[in-house]
Structures are given as structure tokens and as C-alpha cells.
J.: 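Let me begin by handing over the structure; questions about it come next.
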Protein chains: 2
Amino acid sequence: MLDATSSYNLMTDTSPVDNRSRRTPVDDRTGHRIVPDTTRRAARIPGNRYGNRPTMKDVAARAGVGLKTVSRVVNGEPGVTPETEHRVQEAIDALGFRRNDSARVLRKGRTASIGLVLEDLADPFYGPLSRAVEEVARAHGALLINGSSAEDPEREQELVLALCARRVDGLVVIPAGDDHRYLEPELKAGVATVFVDRPAGQIDADVVVSDNFGGARDGVAHLIAHGHRRIGFIGDMPRIHTAAERLRGYRAAMEDAGTAVQDSWMSLGVTDPERVRQAAEKMLADPQPVTAIFTGNNRVTVTVIRVLAEHPTDVALVGFDDIELADLLRPGVTVVAQDAAALGRTAAERLFRQLDGTLLAPERIELPTRLVTRGSGELPPAH
Amino acid sequence: MLDATSSYNLMTDTSPVDNRSRRTPVDDRTGHRIVPDTTRRAARIPGNRYGNRPTMKDVAARAGVGLKTVSRVVNGEPGVTPETEHRVQEAIDALGFRRNDSARVLRKGRTASIGLVLEDLADPFYGPLSRAVEEVARAHGALLINGSSAEDPEREQELVLALCARRVDGLVVIPAGDDHRYLEPELKAGVATVFVDRPAGQIDADVVVSDNFGGARDGVAHLIAHGHRRIGFIGDMPRIHTAAERLRGYRAAMEDAGTAVQDSWMSLGVTDPERVRQAAEKMLADPQPVTAIFTGNNRVTVTVIRVLAEHPTDVALVGFDDIELADLLRPGVTVVAQDAAALGRTAAERLFRQLDGTLLAPERIELPTRLVTRGSGELPPAH
DNA sequence: CCTGCATCTGACAACGTTGTCCAGGCTCTA
DNA sequence: TAGAGCCTGGACAACGTTGTCAGATGCAGG
């Protein structure tokens, strides 16, 4: 694993609630007085704390003007003669001055940054989502700070609170946990928040989700329409809202078709490839094997494709989430596609509408899914 | 496109150099004095600028202690009696206080955040890279701010400078441009910087790259070893270092084999699917068509796979970058794989070593690539 | 009871920026 | 030439936090 034994470690102590136990008097300073900051990078020239970055004061001194005049020039405010402005600009260029946004933020109260907490940036589903959020943020002049919760509620909370401590203007959260009451003080304090992909737990907030239930129901109904009755379902832990909704859609479709679902057809909560593989193989090895499988997310789908590729008989497959190259496989993979970018974009836009102050009551926005037929979902039952 | 007509727009004016022209006296304030901040979110209770967030002062007042004592409790510093600490904790919980890291940063000089500038977060290659950087950052208690340059040098610079204005402690940059002299003042000021995937231009800095040259050469040599001589190359603009290196590898392998490369075999700088498709089709329609294609990156590979899937004769293919499901296609796609996560991890670790102050001379770290044979690269020449 | 010492606490300045406000110089008019 | 009004520039406080330092308190020993 990663080790962080280095001296650079600014664990941010985000939860003032829990640090009672952390009372470790780590006075790692050397008592020396001559060197006021031992953490300063060795190569730096002594100066102020940011290396030796010039400040507006330095620029002002060099240009022979007042501090505020520099501020005016830097921010393009009116009331500076071209001459003065020119002098200031020269000083800025000569010193390599760059405004310190930390100080600016402290003064202005807005950070022009928003936080995005998602599950795993390495998951191909979240890349486009994140990118979409970023584009909207960029259009509003804001930067994006993001972090992965790794599907761990505790880590999600830790991240969210760290972002709040940074005073991000808003948060886009893909929840890992199901209880977000810890966010109440933040919401009350005016942190704009939008949940995406899954709803918030225990609190009232904006949510942008896909129609997981409807999508799964349609996907399973599609299999049923092609003659399948024994349909397997492999999905994530029902603790996760999307997984639960998709399971509900599966059950609903089966019920609509008048088919009693057998426990052995369902595998819930398995997510690592090896166990997904086992689950799929078990369903297929049953004396009454499933003739089709509905998979609850992209990762499961990929693994099941691998299993089916080795399986002697044709088994139909519909997966939730689109996957790249799905059209090039033989058969092509039929999926219930959701638009990750649209989720992100919608959420971010909603967020900035909150920030504009034109805030309405919390709303739940549901985006439709789309059944993409490519072959695997149209295979007839083998038995 | 996205519009940002809303009132929330804190375009951060990152370049004091260029704002001479932006002198627009936008006094959008209402002259009213009673309401000092009209941008405040409507729903908020009037208070300080962060909604009405309590400050340490408020906590101190409520707990009946001094400001500094609150600070001590929040930071787990020693020298507070359990009684006092308890009173402070109660006040913190009651008020929902959360330390303002902006102020902390201003005081301490370190932001505990690093910036990551990459090309496109939606590209499956960068997801794992970004995630790896994030994990290292997390291990060091730092947050990750990231942005996409969309392969636009100007946008890269804009982003990097915005991050510098935030005083991120360090930068991991996947360069879009080839001139990074604009970073000189920042480097001099002590901003730790590591370039990944492609080297920096015109400045001396740490770089972590894959062995693009060697990987491409081996990939093409692999095709040659399987009997191919007329081998096409489709890659990105040679302006991009990786693309140039891979092209160089292609040429080297061809030269080693004593094969003169014909211009019609190469397509450089096409990147959007439609034009890649045209380029591939043109090579295949030649009177002396290529019998194999080497593709310069994952996106090109995917498009070429589509073209080859429709093509009547078997054409061998080796692609740079691994792609998901490559093993499930028929034939499986042979690729030169680079380890995106390792790139990110290595770069981030190097960055934090810089931040530790144990700084060495700028170094170039090259990670090996791996040829993964799956079938498409082992097809014999059809002609 | 006083001194010395250790422990705990809080006043104060500083971080770098921006908002407010006033001073000084200018132009224009009477 | 004086006065009004405008334009430009700068002094100052404030944002919320942390480092410094000195004061207050408690306790042991003389």
C-alpha cells in the first residue's frame, strides 16, 4: 500500500468532533529560532512563506504606488491612469507576481471552486460524468476539486467535510453512504449541494438520477419478450440505491410476466470479478439453468461477458450501463445505457442555479435510460 | 455550448499580465448600503460572508474561553484541560463549527492540495492515472484539484496558473503545449512540479513518461516478425511528444527491417473518428495496401478496429495503449500497454518527495511498456 | 507566607487580499 | 480666482486562522 511516512503530511483534521483522541503533542520543531519554518523546501530562497513569492506590497513598493492601486490593476478595476497601470504591470512582470487566491477567498467569501465526490474516478462511468461537471464549472469560472470515496461511507464523509472546510461554494456528491445528516450544518450554512446517481439519505436535497428502476425493468422485459423466463440477475449490494432500484426493476418485470423469481437466479452484493464469475457460473450450472442474465452495472457486465464467452451454449445478456466496444463483440452487447455526461451536466447546472440564489425547493430530476439492442439481448433461450 | 450567463461567475483573472484590456468598470452593486453583499444566496440567513458560518470567535464566546483555546482544541494541540476542552467541543457541536481552511492556508502557507492538469478526464487512459495521483495525495493528506486542458496549450496554461494562484503545493501536469517557460516564476517560487506522460517544453523539470519510442518500435517489430512489410501508422499530431516518439519508434523498427516507409502509409495528426476512419480506409484501398496497421493511441485503435471489422481481408493490428475488452474481440487486440496508474503513482510520489525538501536534480523517469499479444498482431500478411 | 516552577489560558499580530473612505490634485465654471 | 465636482491614489480595517508571548493559576517546598 501507499505509505505516507514523509514529512509532507497536512492531514487536515477535518472533523473537530473527533479529534479528542488525537491529542498528540507532536512538537516536531527544532526549537531553533533563526529558521522560523523548518518545513520550507530546502531549495527555496528564504522569504515569505510561499517560497519567496512577491506580494502586492512588493509590487506596490517596486512600482512606487499604493497597495490598493496594485489590487486595482490586477483586478482590472477602474480608476488607474494608463501610466500608473503601466508601471504596475512592469513591476508585476518583473517580479513574477501572481495573486494569492487564498487571501482573496478569505476576503471575498467565495472560493470559485466546487467539490465533486464520486466513487472511483478510474471507473469509465465516472470519467465522462466528472468531465461534464468540470465543463460546467469552467463555464462559471470555477475550479473542480474531486475525490473518490471508494464506495466507503466514512471516506465519503471525510472527503465532503474536507471540502466544506475549504469552503467550496458547492458540492456534487455521488453518495456512498445512506445517511447524510452530517451535512445538515453545511446545508444550513448555505453550501449548495446536489446529489447525483443516487439520492441522499435522511436529508432533503437536490438529486439527479437515472431511471434505474424503469431502465432495469425495460431491459428485463426485453429479455422476456424474446422468450426468456429463467433470467438471472447479478448486481451490487442493495445498500447502494442504484443497485436496489435495478433489482426492483428486475423483480417488477418478472412479476409483470407472471414469473416467480427463484433465489438461485439472483446474486446480490458481489462485485469483484472473481466472485461475479463464480456467481454466473453457478447460475449456468444449475439443473434448470438461467437462459439469460441481466447484469446490474458495467463492471459486472464485463465479467459476465468473459464467462459467457467460454460458455458452450448461448446465453442472452442485457447489461446496465453502456460499455465501450460493446458493438464490436460477437454478439454485440445489448445494454440499458445511461448518459453519464448528462447526469453530471444536469447536476452541475442545478448546482450553479442554487448558487445564483434562484433556489427552489429540493427537486428530484430523473433522466431516462435507453435500451441499446446489439444482439446479446435478442438471443432466444437455448433451452 | 455551455453558457454562463448566471450571476455566479468568479472568473479568476489568473493572468495579471493580460488584463489590461479587461478594464470594464462593472459596478454591478446596487449602491444600497444596508445589504452589504447582494450576491449572497437568497435563502441564507444574514451573517458573515460564508452563509452564517460560526467562526472560532463565536465558539470561543459560547464556550467562554479565548480564541486561541478553541484553535488548540480544534487542532488537537496540547495544553488544554479536559474540562475546557469539553466545553469547547460542546460549543463546536452546538454551532456546527467547521474550521475555515482558507484562513488556515493563508496563515500556514501550505494548502495541502495539489493540482492535476490532464488532457481529458473522460479518456479511459486518464481515469486510472488521475485516481492513482489521488491515492498518493490522500496518503499525504492532500486534496486533488484537477482540470482538463482539452489538448489546448492555452487552456493548459490558464489552468496551471489558476492552480498556482490557489497556491497548490504542487502540480502534476500532462502537458498539452510544448513551451512551459511561463512556469519559471512558479518553479522559482517553489511550486513542486512533475510532468507526466509527456516532457515539459523549454524548462528543466521532473518528468515521468512511458517508453513510447521503445514500445512503438517493439510493437512494429512484432508485426515485422510476423511477416509484414507494408505497415501503416495512424497517430496524433507529432506536436504531441508521445505521438512523435511513437512515430519515431515506428520508423526505427521499419528501418531496422530495411523497409522504406512510404508517405501513404502514415497518417499523422488525425484524431477524430471520422478522419481516422478515412485514413485507414485509404491505406487499405491503395493498390499496394498495407497488410498491418500500428495505431498510435487508444482512441485511434478503437476506430481502426471498427474499420477492420468491416474490411473483407484480415489486416493485422497492434495498438498503443491497452483498451478494455480487447481480449474479448475476435481476434483479440494486440497492444503495447502502458501502465497509466503507475505513471500517476510515480509522478505523485516524486512530487511529494520534492515537497519533502529532499530535492534532487530534475530527473526523467521512463516506465517500460508491455506488449500484450492477443491475436490481431499475429495475423499473417494477407497479400 | 513567599518563591519557584509548571501548567493553562488569552491578547495580539500577522498572513495577503479587498472594501471603504478620505485626501489631494485637477478641470471647469461663475 | 474661488468653489464645486471629478478623478486618481493610498491609508486602513477586515476576512478567520495560527504563532508568539506573557499573564494567571495552582502547587510544592522553603
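Computed from a predicted structure; not experimentally measured. So you know, we letter chains A, B, ... as the sequences are listed, proteins then strands, and number each from 1.
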J.: Rounded to whole Å, please give me the gap between NZ in A:Lys57 and P in D:dA11.
T.: 12 Å
J.: Go through the structure and list residues passing side chain to side chain donor-acceptor pair (under 3.5 Å) with B:Ser148, not counting sequence neighbours.
T.: A:Glu134
J.: Output the rounded distance in Å from CG (B:Asn75) to P (D:dG19).
T.: 8 Å
J.: Show the distances under 3.5 angstrom between N or O atoms of the protein and N or O atoms of nucleotides 7-11 of chain C.
T.:
{"unit_1": "C:dT9", "atom_1": "OP1", "unit_2": "B:Thr81", "atom_2": "OG1", "d": "2.9"}
{"unit_1": "C:dT9", "atom_1": "OP1", "unit_2": "B:Thr84", "atom_2": "OG1", "d": "2.3"}
{"unit_1": "C:dT9", "atom_1": "OP2", "unit_2": "B:Gly79", "atom_2": "O", "d": "3.4"}
{"unit_1": "C:dT9", "atom_1": "OP2", "unit_2": "B:Thr81", "atom_2": "N", "d": "3.0"}
{"unit_1": "C:dG10", "atom_1": "OP1", "unit_2": "B:Gly66", "atom_2": "N", "d": "3.4"}
{"unit_1": "C:dG10", "atom_1": "OP2", "unit_2": "B:Gly66", "atom_2": "N", "d": "2.6"}
{"unit_1": "C:dG10", "atom_1": "OP2", "unit_2": "B:Thr69", "atom_2": "OG1", "d": "2.7"}
{"unit_1": "C:dG10", "atom_1": "O5'", "unit_2": "B:Gly66", "atom_2": "N", "d": "3.4"}
{"unit_1": "C:dG10", "atom_1": "N7", "unit_2": "B:Arg72", "atom_2": "NH2", "d": "2.7"}
{"unit_1": "C:dG10", "atom_1": "O6", "unit_2": "B:Arg72", "atom_2": "NH1", "d": "3.4"}
{"unit_1": "C:dG10", "atom_1": "O6", "unit_2": "B:Arg72", "atom_2": "NH2", "d": "3.4"}

J.: Closest approach to the side chain of A:Leu106, judged atom by atom: which nucleotide of D:dT17, C:dT18, C:dG16 is it?
T.: C:dG16
J.: How long is the line joining CZ of B:Arg98 and C1' of D:dT17, in whole Å?
T.: 16 Å
J.: Only one of A:Val59, A:Val88, A:Asp58 clears side-chain contact (heavy atoms from CB on, under 4.5 Å) with A:Phe97; which?
T.: A:Val59
J.: Are A:Arg72 and A:Pro78 side-chain neighbours, meaning at least one heavy-atom pair lies under 4.5 Å?
T.: no
J.: With axes from five pairs an end, tell me the bend angle of the helix from C:dC1-D:dG30 to C:dA30-D:dT1, nearest 10°.
T.: 60°
J.: Identify, with sequence neighbours excluded, every residue that meets side-chain contact (heavy atoms from CB on, under 4.5 Å) alongside B:Ala61.
T.: none
J.: Between atom CD in A:Glu77 and atom C1' in C:dT17, what is the gap in whole Å?
T.: 11 Å
J.: Side-chain N or O of A:Asn100 versus OP1/OP2 of C:dC15: is the shortest distance under 4.0 Å?
T.: no
J.: Nearest-Å distance, CG (A:Asp101) to P (C:dC15)?
T.: 19 Å
J.: Can you list the residues that meet the side-chain contact (heavy atoms from CB on, under 4.5 Å) rule with A:Asp204, with sequence neighbours excluded?
T.: A:Pro362
J.: State which of C:dT18, D:dT18, D:dG16 makes the closest approach to the side chain of B:Arg104.
T.: D:dT18
J.: What residues, two or more places apart in sequence or in another chain, satisfy side chain to side chain donor-acceptor pair (under 3.5 Å) together with A:Thr84?
T.: A:Thr81
J.: Please list, chain by chain and in numerical order, all residues satisfying salt bridge (Lys or Arg N to Asp or Glu O under 4.0 Å) with B:Asp179, sequence neighbours excluded.
T.: B:Arg181
J.: In this structure, how many angstroms lie between the C1' atom of C:dC15 and the CE atom of A:Met56, rounded?
T.: 14 Å
J.: Are A:Arg99 and C:dT18 close enough that a side-chain N or O sits under 4.0 Å from OP1 or OP2?
T.: yes
J.: Name all residues meeting the side-chain contact (heavy atoms from CB on, under 4.5 Å) criterion together with B:Leu67; count only those two or more places apart in sequence or in a different chain, and write none if there are none.
T.: B:Met56, B:Lys57
J.: Considering residues at least two apart in sequence or located in another chain, which fulfil the side chain to side chain donor-acceptor pair (under 3.5 Å) criterion with B:Arg62?
T.: none
J.: For A:Lys108 and D:dG16, what is the distance between atoms NZ and P respectively, to the nearest whole Å?
T.: 15 Å
J.: Measure the distance from CZ on B:Arg166 to C1' on C:dT17 and round it to the nearest whole Å.
T.: 14 Å
